[in-house]
Amino acid sequence: MTQKKQFFTTPIYYVNAKPHLGHAYTSIAADVATRFKQMDGYETFFLTGTDEHGDKIVQAAQAQETTPKAYADKISKLFQNLLPILNVKNNHFIRTTDPDHITVVKTILSKIYDSGDIYFSSYEGLYCFGCERFYQERELFDGKCPDHGVAPTVIKESNYFFRMSKYQEWLINHIKTNPDFIRPAQYRNELLSFLKEPLEDLCISRPKSRLTWGITLPFDKDYVTYVWFDALVNYVSALGYPDGELFKQFWPTTRHFVAKDIIKPHGIFWPIMLKAAGIPIYDGLNVHGFWNVKGSKMSKSIGNVTDPVKVTNGYGVDSFRYFLMREMVFGLDANFTEETIISRINADLANDLGNLFSRILSMNTRYFKGVVKGADKNIEKEKKLSLSSDASQAIDDFKKAMELCEFNKGIGAIWQFISIMNKYIDSNKPWALAKENANIPILETILYNLIEGLRVVSCLIYPIMPQTSLKMQKTLGMEKENKGFYTLKEVSDWGQIKKGWILPKPDSLFPRIDGDKSKPRETAPQTKPFKPD
Ligand code: MSP
């Protein structure tokens, strides 16, 4: 049987400014989803990259007195360098200035032009220079661009247009008949309600007299293509469309991760472009909300644009990944503050998980000199000491949530199991049993169940905290040599920890952080330098 395939992407980020917390979130979310799918037996391909053409980049380069290409090279490198720092394992990093990408953009433009879905026309419209696009009246707020808060300029020029209107009914039908096409549902509804009004054709060219930093139209050398037409194509050009092996294997098993700001290009332009070019439609969009910082939208003028490198250096990569995945309900907005990350680290990581780990290991050291004893099946049954059905429940709940990108619920399922294990210790009181020799077989059974429970936890946290997962697994003597993770099927087998294995004395997984807010935590490293796994 051939292995199931899954292709994940992030948006390709604009190179007009350096990466911030929001970009880091999307890349980490896609990485978590990829690692989870691998655990679920899929072969995956994970793509990210940078979007380098258009007016925004020209302006940013001018401000730095450099060329767009030199500027794009510099900022793209920052996005590339961020990935290993966040322990994000992409398979490819695409840049829209890559020659192969440019060729594919031209191929697709020619294909659509030849089929008659691109036409030339004179047009007068409302143009927002910040967004680099024309707006329809009904998309504006108080006559202003909803993103930039400025009134668009009336521009009259001849341009090429893509006949999107022709595909409106088809798209509505596609969204309605594929309930998972846009998840979560609120964004699906948002798009369907937008599509109740007639869709205008999309202006897909910019005259070179106004902008030269773009891909020249294959059918008119005086124009470059609109930056979104160029950018969206990255998702297939990176796979080597039309003949590449990766394209054949991974398209259209695609789920695109995007935030709510770019659902229109992804949910309207992109499926219609694919349809018009005769390319199968991608599987769907995973749409998340926005991170605010201390309650406000991140902005340079407020000075709250949060640098993910500083946060990672301050708190450690796994704590940062955990926080982002735990704190945001996928689809809704979330808020980042130093206080909330510190409190999550102390409560969830240091207390719940870290203490459980060290509690179990210390008891095993104290009572059995670290040697893993086995469980006595009769005692286990008679005294109802098994934790295996709680573990199965956790695995099931985890899987159901992670499949839908409900990362906070997936984590919740693991933490529910951690809490069951903590209560199991409190109610079985190993310290009391240890006082009587006759109780030793019961104690052995309890500790074996707890150690097995730790095994399950160590496997399930892998997509979110790969480093901690590995650290726990090394301690438990179950490090996977080649893959670095256990599949969900493998995790489910209860009783894998080897009897006779000697567990070392516990090493703290997550040191508590004191809440001294007088120190700028982001800039005060707390952890050892991070080495990607
Ligand atoms: N270049 C386009 C995307 C083209 S994809 C074919 C673009 N780039 S961007 O640099 O502006 O990135 C937007 C994306 O960055 C969002 O969709 C989201 O994934 C991420 N985020 C940017 N700010 C964010 C927050 N404040 N919070 C969460 N994610 C955010 O649009």
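In each ligand, atom 1 is the first atom listed, and ligand 1 is the first ligand listed. Keep in mind it's a predicted model, so treat the numbers as computed, not measured.
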Worksheet entry | Minimum side-chain heavy-atom gap Val88-Arg321 below 4.5 Å | yes

Discussion item. Counting C-beta onward and ignoring hydrogens, is there a side-chain heavy-atom pair between Phe407 and Val329 closer than 4.5 Å?
Written reply: no

Practice prompt. Please work out whether the ring planes of Phe336 and Phe323 are parallel, tilted or perpendicular, with thresholds of 30° and 60°.
Written response: perpendicular

Fill in: Asp55/Arg206 salt bridge by N-O under 4.0 Å criterion
no

Measure from every N or O atom of ligand 1 to the protein's N or O atoms and keep only the pairs below 3.5 Å, writing each with atom names and distance to 0.1 Å.
from, atom 1, to, atom 2, distance (Å)
ligand 1, 1 (N), Ile12, O, 2.8
ligand 1, 1 (N), Asp51, OD2, 2.7
ligand 1, 10 (O), Tyr14, N, 3.0
ligand 1, 17 (O), Ala259, N, 3.0
ligand 1, 17 (O), Asp261, OD1, 2.8
ligand 1, 19 (O), Thr26, OG1, 2.7
ligand 1, 26 (N), Trp291, O, 3.1
ligand 1, 27 (N), Trp291, N, 2.8
ligand 1, 29 (N), Gly22, O, 3.4

Discussion item. Tell me if a side-chain donor or acceptor on Trp251 pairs with a main-chain N or O of Leu239 at a distance below 3.5 Å.
Written reply: no

Worksheet item: Given His266, which of Trp228, Phe181, Tyr282 fulfils the ring pair (Phe, Tyr, Trp, His ring centres under 6.0 Å) condition?
Response: Trp228

